[in-house]
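Below is one structure, written out as structure tokens; the observations come after it.
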Amino acid sequence: KHNALIAAGIFGIYVMLTLVMSYPVPTQLTTHLIGDGDDMWVHYWNNWWVERVVQGKSELYYTDLLFHPQGVSLRHQNFAWVNIALWLGVKQLVGGIAAYNLVHLIHIPLCGLSMFLLLRRLTKSTASAFIGGLIFAFLPFRMLDTNHPNMVSTEGFPLLMLFLVRLFEDRRPLRDTIAAGVTIAVIGYMRWQLLILAGFMVASYLVYLFLWEHKCWNWRKVQWLGLTAAV
């Protein structure tokens, strides 16, 4: 309970800092979309299109609104499924533009919180973890790449590493095995290309354990990793 309160407080601080760092977005939440490039409109169009599909007005992977009248397949469209799902829910409360902006902004403090949780586990220091989370949350890339909300939403990476560390070090492998598998899935549904980066990250950690922490390995760990992949 104490750790949960600390995490909630840290998250609140990151939220307030996000509002400051993203100014003037908070004052234009319902009138302006975050971003200034073509991909911003693509992502908003994706949200709108999936909403039409949910309402039964369109097919998911085909549209005749492009290349009319023949239409075109949308199977390779850049759908950011996690963001779309969040947008569909938040839109009912605040409208489409504000929902798009809020979904974009929420990833910043979530990135900070996820890195805080990982670093607190590794360093056992709340202060160090807070600074690490601050750096990760407000990376220049994250703050400047305003047209790709699915590229800045990388909170799943520190969480995945946290679950893998706990899988090898703690005595509750089933919990962390399932959590790691679900996190990998969420990373993929955020943006499929992010799975490539996650793969490099996980592989590097496993190789490190094999070479320098080989006592952590046994057949049970291999089985738990297999279950993670299955999840």
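The structure presented is a predicted model; accordingly, all values stated were derived computationally and were not measured.
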What do you reckon, is [atom1] of [X] surrounded by more than 12 foreign heavy atoms closer than 6.0 Å?
X      : atom1 : value
Lys124 : NZ    : yes
Tyr62  : OH    : yes
Trp192 : CH2   : yes
Phe163 : CZ    : yes

Notebook entry, point to check: For Ile196, which fellow cluster members are found when Ile, Leu, Val, Met, Phe, Trp and Tyr are connected by side-chain heavy-atom distances below 4.5 angstrom, either directly or through intermediates?
Noted result: Phe200
Would [X] end up clustered with [Y] when hydrophobic side chains under 4.5 Å apart are linked, directly or stepwise?
X      : Y      : answer
Val152 : Leu144 : no
Met190 : Val42  : no
Leu65  : Phe67  : no
Tyr23  : Ile106 : no
Val54  : Tyr189 : yes

Gap separating the [atom1] atom of [X] from the [atom2] atom of [Y], nearest 0.5 angstrom:
X      : Y      : atom1 : atom2 : result
Leu17  : Ile108 : CG    : CD1   : 10.5 Å
Ile135 : Leu119 : CD1   : CG    : 9.0 Å
Leu167 : Met161 : CG    : CE    : 11.0 Å
Gln223 : Thr228 : CD    : OG1   : 12.0 Å
Arg166 : Leu162 : CZ    : CG    : 5.0 Å
Arg120 : Ile10  : CZ    : CD1   : 8.5 Å

Which heavy atom of [X] sits nearest to which heavy atom of [Y], and what is that distance?
X      : Y      : value
Leu194 : Ser153 : CD1-O, 4.2 Å
Trp217 : Leu206 : CZ2-O, 3.7 Å
Leu117 : Ala7   : CD2-CB, 4.3 Å
Leu164 : Ala180 : CD2-CB, 4.5 Å
Arg191 : Asn150 : NH1-ND2, 3.1 Å
Tyr44  : Ile97  : OH-N, 3.5 Å

Does the [X] side chain pair with the main chain of [Y], one donor and one acceptor, at a distance under 3.5 Å?
X      : Y      : result
Asn101 : Ile34  : yes
Asn218 : Arg220 : yes
Trp49  : Glu59  : yes

Taking the side chain as everything from C-beta on, heavy atoms only, tell me whether [X] gets closer than 4.5 Å to [Y].
X     : Y      : value
Trp41 : Asn147 : no
Leu29 : Val94  : no
Trp48 : Tyr100 : no
Leu88 : Asn47  : no

Next item on the list: Dump the intermediate steps for side-chain contact (heavy atoms from CB on, under 4.5 Å) on His104 and Asn83, then the final yes or no.
Entry: CA-CA 8 Å; His104 187 115; Asn83 286 337; over 6 Å; no
Margin query: Once ring-ring contact (aromatic ring centres under 6.0 Å, His included) is applied, what residue pairs with a partner in residues 122-146 remain, sequence neighbours excluded?
Written below: Tyr14-Phe130
Note to self: Could you walk me through whether Asn46 and Trp87 satisfy the side-chain contact (heavy atoms from CB on, under 4.5 Å) test, starting with their C-alpha distance in whole Å, then the side-chain angles of each, then the deciding distance to 0.1 Å, before giving a yes or no?
What the structure shows: CA-CA 11 Å; Asn46 288 345; Trp87 181 84; over 6 Å; no
Next item on the list: List the steps, then state whether side-chain contact (heavy atoms from CB on, under 4.5 Å) holds for Trp224 with Leu174.
Entry: CA-CA 7 Å; Trp224 289 122; Leu174 181 60; 3.8 Å; yes
Margin query: As a quick check of understanding, evaluate side-chain contact (heavy atoms from CB on, under 4.5 Å) for Arg142 and His107, giving each step before the final call.
Written below: CA-CA 10 Å; Arg142 196 184 318 282; His107 291 298; over 6 Å; no
